[in-house]
Amino acid sequence: ASENKHYTIGFSQCTGGDAWRRQMLSAMKGELLFHPEIELQYRDAHGDNARQVNDIRDLVKNGIDLLIVSPNEASPITPVVEEVFKMGIPVIVVDRKISSSFYTAYIGADNYEIGELAGSYVSEVLGGKGKIIEIWGLRGSTPAVERHKGFVHALSGFPNIDVVAEFDGAWEIDTVKHGLAAATTQATTVDLVFAHNDVMAYGAYEVFKEARPGNDTKFIGIDGLPGPAAGIQLVDDKILSATFLYPTGGEEAIRTASKILKKEHFEKDNVLLSTVIDPKNVRVMKLQTDKISSQQADIVRQQEKINEQVNAYTKQSVLIYILLASLVAT
Ligand code: FRU
């Protein structure tokens with residue numbers, strides 16, 4: 001490939017409004033600063049399968065060189081992703097999976113393992129005995145299914161831990177607030193709520209705080225985002241007992257895309273690591289994520305400075321050129 005080759009990546013995001021997805025996009029943009037030859041076209045399907053199918057078709061029409069996709073639900077999005085792949089356009093799937101192997105690379109943490117980690121944590125916290133509510137992510141999305149399976153597996157050796165209610169919270173706080181009203185009136189004692197993400201765990205906490213003041217129900221989530229009111233802070237504030245880090249894979253997606261486009265070696269399946277965040281390590285996590293955020297802001301500032309200087313240099317070069325040209329003419 002020549003030095004000045006330009007590439008266009010289309011990124012079809014299932015939903016873009018939440019903090020986790022915003023972090024994914026900003027990680028992508030941060031990494032793109034190092035790849036000025038790549039342009040990103042972004043589409044947000046707002047949690048709508050039909051809209052995501054259209055978004056992907058649109059991006060293909062625009063002539064993208066590679067597609068990055070985080071599918072809202074696996075089965076409705078699989079056919080269009082297969083189509084794109086079969087057209088010869090490389091496809092990187094991030095976070096949520098499709099239900100076939102017609103993709104070029106996958107990037108994401110192991111959701112089954114995260115579910116298992118959560119299950120073992122719960123068995124420890126409850127001392128092997130207690131009543132639980134499980135709040136699922138959107139049932140048609142693979143992280144929800146995998147987190148559930150891992151969780152159930154880890155708890156299978158604990159006959160005195162009962163899941164007294166479970167429902168689909170669709171990854172959203174509002175769905176949880178509605179769904180929980182029914183679940184909490186049914187269940188008399190609830191020792192712990194395990195939600196498939198921190199947003200839903202926080203929603204559950206709020207419902208319980210209102211409906212059962214003084215209760216000592218524990219809340220556990222997944223994502224472990226930095227920033228105000230997000231997972232790490234919620235653990236530090238003792239609102240959540242624990243969360244599990246679910247890295248967005250934004251940077252890795254762009255790095256892998258660049259390798260694919262430049263015909264360099266890449267791995268098909270890229271598993272990102274997770275870890276528990278609880279009172280034992282939350283301070284260290286906070287310090288580290290704060291540091292990373294400020295370093296990222298520095299990188300952006302440095303890039304802006306470089307751009308300013310390049311612009312100033314270009315302007316000066318043009319002026320010198322005009323000056324020389326007029327000297328030659330006279
Ligand atoms: C964000 C999110 C995360 C969750 C992931 C699963 O949209 O709901 O909270 O971990 O998606 O795909």
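Ligands are counted one by one from 1 in listed order, and the atoms in each one are counted from 1 as well. We count residues from 1, following the sequence as given.
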Item to check | Atom NE2 of His46: over 12 foreign heavy atoms under 6.0 Å | outcome: yes
Checklist outcome for this item: Sorted by chain and residue number, the side chain to side chain contact (heavy atoms under 4.5 Å, CB included) partners of Asn62 (sequence neighbours excluded) come out as Gln41, Arg43
Checklist entry - Got a sec, which residues hit ring pair (Phe, Tyr, Trp, His ring centres under 6.0 Å) with Tyr202, two or more places apart in sequence or on another chain? => result Tyr205
Checklist entry - Can Lys86 be said to sit on top of Phe102's aromatic six-ring, NZ or CZ under 6.0 Å from centre and within 45° of the ring axis? => result yes
Item to check | Audit row: Tyr246, Trp20, ring-ring contact (aromatic ring centres under 6.0 Å, His included) steps and yes/no | outcome: CA-CA 9 Å; Tyr246 188 55; Trp20 191 83; 5.2 Å; yes
Checklist outcome for this item: For ligand 1, protein residues within the heavy-atom limit of under 4.0 Å are Asp18, Trp20, Arg21, Asp95, Arg96, Pro143, Arg147, Trp171, Asn197, Asp223, Tyr246
Item to check | Test side chain to side chain contact (heavy atoms under 4.5 Å, CB included) applied to Leu192 - qualifying residues, sequence neighbours left out | outcome: Val122, Val125, Leu126, Ile132, Phe194, Lys218, Ile220
